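Just so you know, these numbers come straight off a predicted model, no measurement behind them.
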Amino acid sequence: MDAILKSDLQVKDVAPETKSSVFWRPTAQTGLISWLTTVDHKKIGFLYGIFALFFFLVGGFEALLIRLQLMTPNGTVLTAQQYNTMFTMHGTTMIFLAVMPLSAAFFNFIMPLQIGARDVAFPRLNAFSLWTFVAGAIILNLGWFMSAGAPDAGWTGYAPLTSKTYTPDHSVDMWIMGLQLLGVASIAASLNFIVTIINMRAPGMTMMRLPVFTWMTLITAFLIVLSFPFITVALVEIMMDRLFGTSFFEVSGGGMPILWQHLFWVFGHPEVYILILPAMGIISEILPTFARKPLFGYPIVVFSGASIGFLGFSVWSHHMFTTGMGTVATAAFSLATMAIAVPTGVKIFNWIGTLWGGHISMRTPMMFALGFVWMFMVGGFSGVMHSAAPADAQQQDSYFVIAHFHYVLIGGSMFALLAGIHFWFPLMFGRKIGEFWGKLSFWVIFAGFNITFFPMHFLGLNGMPRRTFTYDGNLGWNSANYIATVGALILGVGIFIYFAVMVYTYFKGEKVGKDVWDARTLEWSLPNPPPEYNYRVIPTVHARDAFWYMKQNKEQIAKEDAAHAKEEAAHGGIHMPHQSIYPFVASLGMLIAGIGISVMDNDPTPGFWGKKIGVTMIGGAVMLAGIYFWALEGNGGYHLHPENDGDESSGKKPAKH
């Protein structure tokens, strides 16, 4: 906590109240209360990042235990039950608690800066989405500390394994409720991002001048809003089966377990693009910066991202080729799967075109970005193989599939996110990660990743099924499993180096001025770390590479800034929203209600007021109270009057009224 409280993101002084209010307006700018009540998009992005990186380490530890169990035949590191728990929680943690929130950290911190905004459209809703995410993460992991244990029915939750018959304890209930709360958080944040991008762009920032990362944020937000209702419906149906005895998935009552697969994968395959499109946006910012030239084919990159989002809803059943859908459905989804490879391949060619003829600077962010391109291509090639139903029939539920999606989601998404941390770290904290240690971490991670997952292609083709906790020594899988586990240990060392260097740099790293990379987009025009208000004057955008234009036309930009500053001063200065405790209170109520529904047992004594009902209603009351007072307190706010963009970073304090 001390590390967080020392963050350079915190505001330097306190805004006085402008008028009396019956509602408590928190004004603490340091300490725990300041973080619980913040509505600053930068602080919220920082917190998303902290939580995501923590769960990334948790998910990585779970993966190491899985690999140690499979290092040799007939391993005894984990029991069969423990193994089921580990791969269930590893998949759930990495997807929902690591990659998605780490993308959300960049959405929160970077996107408003890229479009010239001072915050997101709904700051308190932004805080609510953060704390609801935390509530969902807590419920998902409560099982580690309970006799029921953590969920163990697989991260895809296939029926009937999630039924009361096969999982009578509360572990699946916690998995269901945790995912429901994570869905609420994701949809709230996505609606916020959509409104922000559409309505709060700086003057001159047309849609076709948006940075590609902002475009991918917008497309991802729409994917979340459109796809999460499917998993929400499916989770509600499971909960109804478990709590009230309905038969959506219970065969004995006329239910259809395969319905779960359809509902899950109608959400699940767009979810793949929810994870990879932000990574593509990050890469599309890094490559032009270090190639010293504009992004090649910008309109095509944007259009291909939108095409991927659209086609992502038409390919879900390629996960179900072996379920007996019939030849017509299988052929249709095979063709759709081939089709979605086209816009993905287009992006690869655009990135190569950006590098071609550029003055390439091989800095650490660039190396992670190039690693992403290579490994995403490997994952893409094996993915296209799955579009052929006969080949998929052999690869289905084998380690070939494990290799494929780890090349896409770890070699792809995580490498891009690690590149993004290196790239924007100087902007966020005013310190730069050393090149030697950054490149060392890259090479160790790169080597460890490929040693781990490349042999899994051959394990899958040689018949090793996924989700098996042990194997016999005569099956021919010994060497590849041993190599993969050694690679996983190397990968763990690389991740440790990466995180150790990042923490050291945060406290002791080299301080740098703004625009350390000679970058292209608006966020780099700000001091680092950015001031509370982001922009003293909202910039006017004249070109797609807005900051490059500003650096080449300084006199014109200075005149525009002076005129805009006078206009803003005439309107009372820069308006900033007040902090609020009520988003946290509403999320706390959802946490309590979720625990009541998923953890508490019904009271064995007769009567309505059992423990489950009581705790759930208490949580619901807290949530409704938080929302009610949130609605009544109003936006409030205060005004800042900075003299120049460097006020806070230079030690001067802007006047506040």
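Expressed to the nearest 0.5 Å, how far CD1 of Ile44 lies from OH of Tyr48 amounts to 8.0 Å. Remark: Phe228 CZ to Leu223 CG distance equals 10.5 Å, nearest 0.5 Å. Here the CG atom belonging to Leu591 is positioned 12.5 Å from the CE atom belonging to Met623, to the nearest 0.5 angstrom. With rounding to the nearest 0.5 Å, the separation of CG in Leu459 from OH in Tyr471 is 8.0 Å. The CD1 atom of Ile176 sits 12.0 Å away from the CD1 atom of Ile139 when rounded to the nearest 0.5 Å. Separating the CD1 atom in Ile33 from the CZ atom in Phe584 is a distance of 8.5 Å, to the nearest 0.5 Å.
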**Q.** Audit row: Trp175, Thr92, side-chain hydrogen bond (donor to acceptor under 3.5 Å, both in side chains) steps and yes/no
**A.** CA-CA 9 Å; Trp175 184 80; Thr92 303; 3.2 Å; yes

Q.
Pair Arg67, Asn481 - check side-chain hydrogen bond (donor to acceptor under 3.5 Å, both in side chains), show working.
A. CA-CA 8 Å; Arg67 285 312 320 160; Asn481 271 300; 2.9 Å; yes

Q. What's the verdict on salt bridge (charged side-chain N to carboxylate O under 4.0 Å, His left out) for Asp397 and Arg467, showing C-alpha distance, side-chain angles and the deciding distance?
A. CA-CA 8 Å; Asp397 280 340; Arg467 305 189 183 102; 3.5 Å; yes

Q: Could you check Arg124 against Glu633 for salt bridge (charged side-chain N to carboxylate O under 4.0 Å, His left out), going step by step and ending with a plain yes or no?
A: CA-CA 11 Å; Arg124 291 179 295 172; Glu633 74 171 343; 2.9 Å; yes

Q: Report the C-alpha separation of Asn126 and Asn108 in whole Å, then their side-chain angles, then the decisive distance to 0.1 Å, and conclude whether the side-chain hydrogen bond (donor to acceptor under 3.5 Å, both in side chains) test is met.
A: CA-CA 9 Å; Asn126 206 21; Asn108 273 282; 2.6 Å; yes

**Q.** side chain to side chain contact (heavy atoms under 4.5 Å, CB included) assessment of Thr162 paired with Thr167
**A.** CA-CA 6 Å; Thr162 49; Thr167 313; 5.8 Å; no

Q) Does the ring-ring contact (aromatic ring centres under 6.0 Å, His included) test come out yes or no for His406 and Phe454, once each step is laid out? A) CA-CA 10 Å; His406 278 85; Phe454 198 77; over 10 Å; no

**Q.** Worked verdict on Phe128 versus Trp630 for ring-ring contact (aromatic ring centres under 6.0 Å, His included)
**A.** CA-CA 10 Å; Phe128 172 77; Trp630 175 356; 5.6 Å; yes

**Q.** Audit row: Phe267, His262, ring-ring contact (aromatic ring centres under 6.0 Å, His included) steps and yes/no
**A.** CA-CA 9 Å; Phe267 150 79; His262 282 288; over 10 Å; no

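Met89 places a side-chain heavy atom less than 4.5 Å from the side chain of Glu62. Contact check for Ile421 versus Leu53: side-chain heavy atoms found under the 4.5 Å cut-off. Using a 4.5 Å heavy-atom cutoff, the side chains of Leu259 and Leu263 are in contact. The closest side-chain heavy-atom distance from Ile95 to Glu271 is below 4.5 Å. With contacts defined as side-chain heavy-atom distances shorter than 4.5 Å, the pair Asp173/Val599 does not qualify.
Under the 30°/60° scheme for interplanar angles, the aromatic rings of His457 and Tyr407 are found to be tilted. Between Phe106 and Trp424, the ring planes lie tilted relative to each other; the angle falls in the 30° to 60° range. The aromatic rings of Phe368 and Tyr498 stand perpendicular to each other, their planes meeting at an angle above 60°, with 30° marking the opposite boundary.
For CZ of Phe405, the number of neighbouring non-hydrogen atoms (other residues, nucleotides, ligands) closer than 6.0 Å is greater than 12. Heavy-atom neighbours of Phe499 CZ from other residues, nucleotides or ligands within 6.0 Å: above the threshold of 12. The environment of Phe56 atom CZ is dense: over 12 non-hydrogen atoms of other residues, nucleotides or ligands sit within 6.0 angstrom. Remark: Met256 CE is loosely packed, at most 12 non-hydrogen atoms of other residues, nucleotides or ligands lying under 6.0 Å away.
Without hydrogens or angle criteria, Gln395 side chain to Phe400 main chain gives no donor-acceptor distance under 3.5 Å. At distances below 3.5 Å, not a single donor-acceptor pair connects side-chain atoms of Thr220 with backbone N or O atoms of Leu277. Listed for the Thr468 side chain is no donor-acceptor partner under 3.5 Å among the backbone atoms of Pro465. The closest donor-acceptor contact from the side chain of Ser398 to the backbone of Gly463 lies at 3.5 Å or more, if one exists at all. Here the side chain of Thr132 pairs no donor or acceptor atom with the backbone of Ser129 at under 3.5 angstrom. Between the side chain of Ser171 and the backbone N or O of Pro151 there is no donor-acceptor pair closer than 3.5 Å. Side-chain atoms of Gln82 come within 3.5 Å of backbone N or O of Thr79 as a donor-acceptor pair. Proximity of a side-chain donor or acceptor of Gln69 to a complementary backbone N or O of Phe469 within less than 3.5 Å is detected. Ser598 places no side-chain N or O within donor-acceptor distance of the main-chain N or O of Met174, the cut-off being under 3.5 Å. A donor-acceptor pair is defined here as one N or O able to donate and one able to accept, closer than 3.5 Å; no such pair exists between the side chain of Thr93 and the backbone of His90.
When ring centroids are compared, Trp316 and His269 stay outside the 6.0 Å threshold. Aromatic rings of Phe109 and Phe46 (six-membered ring for Trp) have centroids beyond the 6.0 Å cut-off, not under it. Outside the 6.0 Å centre-distance limit, the rings of Phe55 and Phe51 are not counted as a close aromatic pair. Centroid-to-centroid, the aromatic rings of Phe449 and Phe453 come within less than 6.0 Å.
Taking every heavy atom of both residues into account, Ala234 and Trp260 meet most closely at CB-CZ3, 3.3 Å.
Using a cutoff of 4.0 Å between basic side-chain nitrogens and carboxylate oxygens, Lys164 and Asp241 are not scored as salt-bridged.
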